[in-house]
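One-based numbering along the sequence shown. What you are looking at is a predicted structure, and each value in this text was computed from that prediction instead of being measured.
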Amino acid sequence: MRPILPLLLALALLGCAAPGLTPPKSGTSPPRAEDTTDGHQARAFTLSNGMTLIVRPDHRAPTVAHMVWVRVGSMDEVDGTSGVAHALEHMMFKGTPDLEPGEFSRRIAALGGRDNAFTSRDATAYHQQVPAHQLEAVMQLEADRFARNQWADQEFRREIEVIKEERRQRTEESPRARMFEALNAMVFQASPYRRPVIGWMSDIEAMEPDDARAFFQRWYVPANAAIVIAGDVDVAQARVLAERHFGRIPARAVPARKPREEPPQRGPRRLEYRAVTDQALVALAYKVPKWRGADVDSDTDRDALALAVLSAVLDGYGGARLGRALVQGSGSGGKRIADSASASYGLMGRGPQLFMLSAVPARGVSTEMAAAALKSEVERIGRDGVSEAELQRVKTQWMASEVYKLDSVFGQARELGGYWINGMGLDTGERLMERLRAVTPAQVQSVARRYFGDGQLNTGVLVPESPRRGGSTP
């Protein structure tokens with residue numbers, strides 16, 4: 001679990017509360033306007049087949065970051081095939097009619113670059129960073145696998161064993177990860193966010209090669225994807241290269257997405273997850289609005305920005321409120337409540353967002369006491385407000401983050417791709433910072449009062465359990 005500050009400006013796409021908990025906005029479309037420009041000279045074009053191209057020149061070093069974003073993630077799966085978006089991401093490295101399994105990455109390395117990919121609830125993205133003069137070679141390789149990915153059944157079955165081991169290491173062997181996964185499934189009932197990105201183990205075990213092939217054919221459509229390039233690149237040349245290699249991929253319609261709206265929550269929900277572990281943990285998840293990035297702010301957009309600031313006031317810097325009150329023991333009563341405490345908020349995404357508070361109780365402190373202490377800090381802000389100095393500290397750090405992120409061309413490409421996934425414009429980063437700077441203490445106090453009642457509360461408790469004699473509990 002991470003505070004909002006490092007995530008908010010680095011990649012709003014992935015802003016989420018905990019492993020498996022957070023970020024949807026179904027049916028968004030990529031920006032269609034030709035040749036749009038923001039203050040950092042980022043430009044967007046639509047290729048002849050409907051694919052989007054976004055280019056941001058940065059000539060400080062002879063390197064480029066190249067990404068292909070596909071607006072499809074775990075939220076686009078159906079029950080029974082959870083994890084197929086992530087499995088397909090693995091299989092995209094397994095060949096085309098002209099490439100053997102693993103050869104894609106070997107060729108990128110031979111070009112002097114590095115590559116990888118990731119899958120989230122909202123998107124799948126493939127990325128490379130190479131010397132600037134190798135850009136066309138990368139585009140040719142990436143366009144080839146986007147259009148002609150293929151592999152043998154035996155290759156898929158080998159990779160499924162790799163994915164199963166990945167799930168074991170990241171989830172099955174971590175009581176906290178399992179608790180958050182179970183909490184996530186309780187929080188969301190209709191929303192596809194209820195499923196883990198990596199998939200349920202039973203679905204992974206039952207997955208067939210044709211499940212991944214069908215997912216590829218359905219969603220890897222030019223009009224459902226964007227090429228994002230940042231670095232030492234000429235915009236006109238990048239456009240020519242993109243049309244040459246990606247633009248000739250046949251156009252197809254993007255499948256219709258049916259709405260899967262989360263029904264209103266009508267009261268508190270609670271989960272106790274028992275596992276063999278040394279420490280308890282308590283997490284409080286509240287359903288709150290997300291920022292939609294409209295040109296004209298709505299009331300919910302203003303509330304979302306105030307919630308982002310509230311998260312940072314609670315846990316956005318060293319010595320923030322949760323750390324001082326719960327971990328250092330400077331809160332009411334002067335007692336140390338927790339070994340760690342955090343707050344996080346999913347500012348934007350294609351699906352519903354959560355505000356999360358969590359704590360690992362200190363020795364001798366119950367989870368009930370820790371939960372009460374977490375609530376108390378939010379209630380204190382709702383009652384007494386926040387100082388202008390607190391807000392200024394948070395905003396100053398955000399401004400610094402904006403400057404630092406420009407040092408990384410990959411960070412620039414990732415941010416632009418994240419905004420595109422959410423149907424937002426190239427100037428979203430600048431507009432977001434402008435509007436965050438305008439958040440007032442009164443707005444922060446107001447959201448602290450209004451969004452943290454028990455009606456929207458989801459509580460997850462990790463309960464330590466001793467191993468059974470002669471064995472251990474799962």
Next item on the list: Answer yes or no: is there an ion pair linking Glu434 with Arg431, defined by an N-O contact shorter than 4.0 Å?
Entry: no

Notebook entry, point to check: Counting distance only, does the side-chain N/O of Arg269 pair as donor-acceptor with the main-chain N or O of Met186 below 3.5 Å?
Noted result: yes

Next item on the list: Assess whether salt bridge (Lys or Arg N to Asp or Glu O under 4.0 Å) is satisfied between Arg270 and Glu272, documenting all intermediate values.
Entry: CA-CA 7 Å; Arg270 179 181 174 85; Glu272 287 191 0; 3.4 Å; yes

Margin query: Using every non-hydrogen atom in the two residues, find where Met356 and Ala285 come nearest and quote the distance to one decimal.
Written below: CE-CB, 3.9 Å

Margin query: Using every non-hydrogen atom in the two residues, find where Pro289 and Asp303 come nearest and quote the distance to one decimal.
Written below: CG-CB, 4.4 Å

Next item on the list: List for me each residue that meets side chain to side chain contact (heavy atoms under 4.5 Å, CB included) alongside Asp203, sequence neighbours excluded, and say none if there are none.
Entry: Ser82, Trp200

Next item on the list: Taking Arg321 for its side chain and Leu314 for its backbone only, find out whether a donor-acceptor pair lies under 3.5 Å.
Entry: no

Item checked: Close side-chain approach of Met67 and Ile227, heavy atoms under 4.5 Å -> no

Margin query: Please check: side-chain N/O of Arg274 versus main-chain N/O of Glu465, any donor-acceptor pairing under 3.5 Å?
Written below: no

Notebook entry, point to check: What are the two closest heavy atoms between Ala253 and Val221, and how far apart are they?
Noted result: O-CG1, 4.0 Å

Notebook entry, point to check: What distance separates Ser446 OG from Leu307 CG, expressed to the nearest 0.5 Å?
Noted result: 9.5 Å

Check: Could you walk me through whether Gln189 and Glu262 pass the side-chain hydrogen bond (donor to acceptor under 3.5 Å, both in side chains) check?
Finding: CA-CA 7 Å; Gln189 297 185 336; Glu262 185 69 15; 5.8 Å; no

Check: Less than 4.5 Å apart, any side-chain heavy atom of Met51 and any of Thr46?
Finding: no

Next item on the list: Could you tell me whether the side chains of Thr119 and Glu89 share a donor-acceptor contact shorter than 3.5 Å?
Entry: yes

Margin query: How close do Val187 and Lys287 get, counting heavy atoms only, and between which atoms?
Written below: O-NZ, 3.0 Å

Notebook entry, point to check: Are Tyr419 and Met348 close enough, and set up right, to give a side-chain contact (heavy atoms from CB on, under 4.5 Å), and what steps lead you there?
Noted result: CA-CA 9 Å; Tyr419 293 143; Met348 65 183 78; 4.2 Å; yes

Next item on the list: Run the numbers on Glu377 and Arg380 for salt bridge (Lys or Arg N to Asp or Glu O under 4.0 Å), then give the verdict.
Entry: CA-CA 5 Å; Glu377 291 308 306; Arg380 181 174 289 110; 2.4 Å; yes

Check: How long is the span from the OG atom in Ser191 to the CZ atom in Arg260, to the nearest 0.5 Å?
Finding: 7.5 Å

Margin query: Looking only at the aromatic ring of each residue, does the gap between the centers of Phe146 and Tyr220 stay below 6.0 angstrom?
Written below: yes

Check: When rounded to the nearest 0.5 angstrom, what is the spacing between CD1 in Ile198 and CD1 in Ile204?
Finding: 5.0 Å

Note to self: If you define the side chain from C-beta out and look only at heavy atoms, does anything of Thr459 sit under 4.5 Å from Leu183?
What the structure shows: no

Note to self: Can you confirm whether Arg114 is buried at CZ, in the sense that more than 12 heavy atoms of other residues, nucleotides or ligands lie under 6.0 Å from that atom?
What the structure shows: no

Checklist line | Leu347 versus Gln353, closest heavy-atom pair with distance | finding: N-OE1, 4.1 Å

Checklist line | Val72 and its side chain to side chain contact (heavy atoms under 4.5 Å, CB included) partner, picked from Asp122, Thr124, Ile421, Leu88 | finding: Thr124

Next item on the list: Would you kindly say whether Ser342 and Asp315 are connected by a side-chain donor-acceptor distance under 3.5 Å?
Entry: no

Check: Donor-acceptor pair, Asn224 side chain versus Val254 backbone, under 3.5 Å?
Finding: no

Margin query: Regarding Asp76 and Arg257, does a basic nitrogen lie under 4.0 Å from an acidic carboxylate oxygen?
Written below: yes

Notebook entry, point to check: Taking only residues two or more places apart in sequence, or in another chain, which ones meet Lys395 in a side chain to side chain contact (heavy atoms under 4.5 Å, CB included)?
Noted result: Leu391, Trp398

Item checked: Salt-bridge criterion met for Arg195 and Asp79 (N-O under 4.0 Å) -> yes

Notebook entry, point to check: Between Arg435 (side chain) and Gly293 (backbone), is there a donor-acceptor pair under 3.5 Å?
Noted result: no

Check: Given side chains that start at C-beta, do those of Lys94 and Met91 come closer than 4.5 Å, heavy atoms only?
Finding: yes

Item checked: Interatomic distance, Leu374 atom CG to Ile337 atom CD1 [nearest 0.5 angstrom] -> 9.5 Å

Check: So does Glu165 pair up with Arg168, basic N to acidic O under 4.0 Å?
Finding: yes

Checklist line | salt bridge (charged side-chain N to carboxylate O under 4.0 Å, His left out) partner of Arg167, the single match among Glu161, Glu173, Glu172 | finding: Glu172

Notebook entry, point to check: Less than 4.0 Å between a side-chain N and a carboxylate O, is that true for Glu159 and Arg157?
Noted result: no

Item checked: SB check Arg449 Glu379 (cutoff 4.0 Å) -> no

Checklist line | Spatial distance of atom CE (Met75) from atom CZ (Phe188) [nearest 0.5 Å] | finding: 10.5 Å

Next item on the list: For the residue pair Gln265 and Asn458, confirm or rule out a side-chain donor-acceptor distance under 3.5 Å.
Entry: yes

Next item on the list: Mark yes or no for whether Ser358, through its side chain, and Val282, through its backbone, hold a donor-acceptor pair below 3.5 Å.
Entry: no

Next item on the list: Return the minimal non-hydrogen interatomic distance between Ala320 and Ala312, and the atom names on each side.
Entry: CB-O, 4.3 Å

Note to self: Using a strict threshold of under 4.0 Å (side-chain N to carboxylate O), is an ion pair present between Arg363 and Asp339?
What the structure shows: no

Margin query: Does Arg170, at its CZ atom, have more than 12 non-hydrogen atoms belonging to other residues, nucleotides or ligands within less than 6.0 Å?
Written below: no

Note to self: One thing to verify: whether Arg158 and Asp153 come together as a salt bridge, which I'm taking to mean a side-chain N less than 4.0 angstrom from a carboxylate O.
What the structure shows: no

Notebook entry, point to check: Can any side-chain N or O of Arg336 pair as donor or acceptor with the backbone N or O of Val327 at less than 3.5 Å?
Noted result: yes

Notebook entry, point to check: Hey, are the side chains of Glu142 and Gln128 touching, using non-hydrogen atoms and a 4.5 Å cut-off?
Noted result: yes

Margin query: Between Met424 and Trp291, is there a side-chain heavy-atom distance shorter than 4.5 Å?
Written below: yes

Check: Does Thr81 use its side chain to pair, donor to acceptor, with the backbone of Val84 at less than 3.5 Å?
Finding: no

Note to self: Pairing donors with acceptors under 3.5 angstrom, does anything connect the side chains of Arg178 and Tyr273?
What the structure shows: yes

Notebook entry, point to check: Got a donor-acceptor contact below 3.5 angstrom from the Gln217 side chain to the Ala214 backbone?
Noted result: no

Item checked: Flag side-chain contact, heavy atom, 4.5 Å: Arg213 against Phe156 -> no

Checklist line | Check: Tyr286 ring centroid to Phe355 ring centroid under 6.0 Å | finding: no

Note to self: Please report the interatomic distance CG(Leu322) to CG(Leu357), rounded to the nearest 0.5 Å.
What the structure shows: 6.5 Å

Next item on the list: Ignoring hydrogens and angles, tell me if any N or O in the side chain of Glu77 forms a donor-acceptor pair with the backbone of Gly83 under 3.5 Å.
Entry: yes

Next item on the list: Could you tell me whether the side chains of Trp151 and Asn149 share a donor-acceptor contact shorter than 3.5 Å?
Entry: yes

Notebook entry, point to check: Hey, do the aromatic rings of Trp69 and Phe118 have their centres closer than 6.0 Å?
Noted result: yes

